[in-house]
Visitor: 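Structure provided below as structure tokens; questions to follow.
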2 protein chains.
Amino acid sequence: MSGHELTDRGAGTRALILDTALAAFAESGYRGTSVRDIATRCGLTHPALLYHFPTKADLLMAVLRRRDDAEGRAAGFADLRGAALLDHLVATARLNAGRPGVVELYATLSAEATDPGHPAHAYFVDRYANLRASVARAYAEVAHDGGLRPGIDPATAARQLVALMDGLQIQWLLDPSLDMAEAIEAHVGAQLA
Amino acid sequence: MSGHELTDRGAGTRALILDTALAAFAESGYRGTSVRDIATRCGLTHPALLYHFPTKADLLMAVLRRRDDAEGRAAGFADLRGAALLDHLVATARLNAGRPGVVELYATLSAEATDPGHPAHAYFVDRYANLRASVARAYAEVAHDGGLRPGIDPATAARQLVALMDGLQIQWLLDPSLDMAEAIEAHVGAQLA
DNA sequence: GTCTATATCTTGATAGAC
DNA sequence: GTCTATCAAGATATAGAC
């Protein structure tokens, strides 16, 4: 209308930078990737990139937040209950086998961000706490419906499932012939009544 | 005798370098650690360090091989059968909770080494293949003795257990209040007949 | 066996032109 | 919004003295 659609001028460039940065961080981690390298792969110089994202850490956080939005973690996750959420995790693993870049990104970064000095440390602490809580709730709901094998503690099962998914990603990245979803499905299947 | 015991002159320095390098790689990963930093922490200059280990990649591989020897992977592992090997893994997890440096080293490096261009890539591909094979054999022996719950495939169970251990390490590094051994024990316990 | 000194490259970030 | 030019700091590695 009377205004300027100038707000998202350069939105295309921003998106290109974020896509490229995701791929680069995935391949070599945050520490192993240079701002110059990302900029070059975008057809930019590095000052041009730093115009859009003032620091390298800002760029990393933008990549992570963008993926959170795209994945719709808040949306598609909060709505799922009980076994449906567990099924969703298996489906996600199957989906991830088709996008090695995303798997590499999280596998590499979650290990790197273990260091309290890493710019994404707080992000991953929160991420895991939230994920465990969601999965624990799902297990508790399954148990309430009588669908869980006796003797299984929801909180423990949640930690195990999240850990299993992470560990399988590393094995899969080292040897892509392994089927992540199959192993997860077998694990969850063995826990249901 | 008639010779020179000069062979292990400087062996003390080598050992000091390897210990320090392990700690440094554990804290910041391979890519995030500089040779200068390791040398300084040893009270050396970096050319002095590079006299003992010609390149940074050589140093990393020496650290890994030294730990393989110290841990006696070949020795203590090849001798264990069936449930005893699985118990040993639980015991190792309990032990690891007392040496975060080692956990950090392997968690960080195994993710980093996912990149085929990483100097330790081949090492970790082999390491995981061997570990899975040993654990699968242990599950098969347990099954043969009638100790495994029906419907559990040894090879799948091995991949799951190795993955669980890896994933729990990341969660533990992000939140050391979590008990790794407990979660592993619960998992294995649920698989035995 | 360890040093000083240095070569060479790459890094993240800034200044200022266009 | 993107550039050139530049900075200061860090990296790996080598040469050669002691």
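Convention: sequence-line order gives letters A, B, ...; per-chain numbering from 1. In this text, all values refer to a predicted model and were calculated from it rather than measured experimentally.
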Visitor: Looking only at side chains, do A:Asp153 and A:Thr156 share a donor and an acceptor under 3.5 Å apart?
Guide: yes
Visitor: What is the distance from atom OH of A:Tyr30 to atom CG of A:Leu105, rounded to the nearest 0.5 Å?
Guide: 13.0 Å
Visitor: Ignoring hydrogens and angles, write down the donor-acceptor pairs under 3.5 Å from the side chains of residues 168-177 of chain A, residues two or more places apart or on other chains.
Guide:
from: A:Gln171; atom 1: OE1; to: B:Arg132; atom 2: NH1; distance (Å): 2.9
from: A:Gln171; atom 1: NE2; to: B:Arg159; atom 2: O; distance (Å): 3.2
from: A:Trp172; atom 1: NE1; to: A:Pro176; atom 2: O; distance (Å): 3.3
from: A:Asp175; atom 1: OD1; to: A:Ser177; atom 2: N; distance (Å): 3.1
from: A:Asp175; atom 1: OD1; to: A:Ser177; atom 2: OG; distance (Å): 2.8

Visitor: A:Leu59 CG to C:dA13 P: how many Å, rounded?
Guide: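 Nearest whole value for this atom pair: 10 Å.
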Visitor: Counting only side-chain nitrogens and oxygens, does B:Tyr51 get under 4.0 Å of the OP1 or OP2 atom of C:dT2?
Guide: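 No, because none of the side-chain N or O atoms of B:Tyr51 sits under 4.0 Å from OP1 or OP2 of C:dT2.
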Visitor: Given 3.5 Å as the limit, does a donor-acceptor pair link the side chain of B:Arg81 with the main chain of B:Glu141, or not?
Guide: no
Visitor: Determine: side-chain N/O of A:Thr13 to OP1/OP2 of D:dG1, distance under 4.0 Å, yes or no.
Guide: no
Visitor: Strictly under 4.0 angstrom, non-hydrogen atoms only: write out the protein contact profile of nucleotides 13-18 of chain D, one letter per nucleotide from the 5' end, B, S or -.
Guide: BB----
Visitor: Tell me, please, which residues at least two apart from A:His88 pass ring-ring contact (aromatic ring centres under 6.0 Å, His included).
Guide: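 ring-ring contact (aromatic ring centres under 6.0 Å, His included) check on A:His88 returns A:Phe77.
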Visitor: From NE2 of B:His52 over to C1' of C:dG1, roughly how many Å is that when rounded to an integer?
Guide: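 Rounded to whole Å, this separation is 6 Å.
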Visitor: Under the salt bridge (Lys or Arg N to Asp or Glu O under 4.0 Å) criterion, do A:Arg99 and A:Glu71 qualify, and how do the steps go?
Guide: CA-CA 13 Å; A:Arg99 41 181 195 188; A:Glu71 191 77 11; 3.6 Å; yes
Visitor: Is any side-chain N or O of B:Ser34 closer than 4.0 Å to OP1 or OP2 of D:dG10?
Guide: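 False: B:Ser34 side-chain N/O out of range (4.0 Å or more) of D:dG10 OP1/OP2.
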Visitor: Does anything in residues 111-122 of chain B pair up under side-chain hydrogen bond (donor to acceptor under 3.5 Å, both in side chains), and if so which pairs, sequence neighbours excluded?
Guide: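 Sorted pair list: B:Arg31-B:Asp115, B:Glu112-B:His118.
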Visitor: At a heavy-atom distance below 4.0 Å, what parts of residues 17-31 of chain B sit against DNA chain C?
Guide: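 Going residue by residue through residues 17-31 of chain B, none turns out to have a heavy atom under 4.0 Å of DNA chain C.
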Visitor: Over all strands shown, is B:Gly43 touching base, sugar-phosphate only, or nothing at heavy-atom distances under 4.0 angstrom?
Guide: sugar-phosphate
Visitor: Just to verify, what does B:Glu185 make a salt bridge (charged side-chain N to carboxylate O under 4.0 Å, His left out) with, not counting sequence neighbours?
Guide: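 With sequence neighbours excluded, B:Glu185 shows a salt bridge (charged side-chain N to carboxylate O under 4.0 Å, His left out) to B:Arg94, given in chain and number order.
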Visitor: At less than 4.0 Å, is any side-chain N or O atom of A:Thr45 found next to OP1 or OP2 of D:dT2? Yes or no.
Guide: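 For A:Thr45, the contact criterion (side-chain N or O under 4.0 Å from OP1 or OP2 of D:dT2) is not met.
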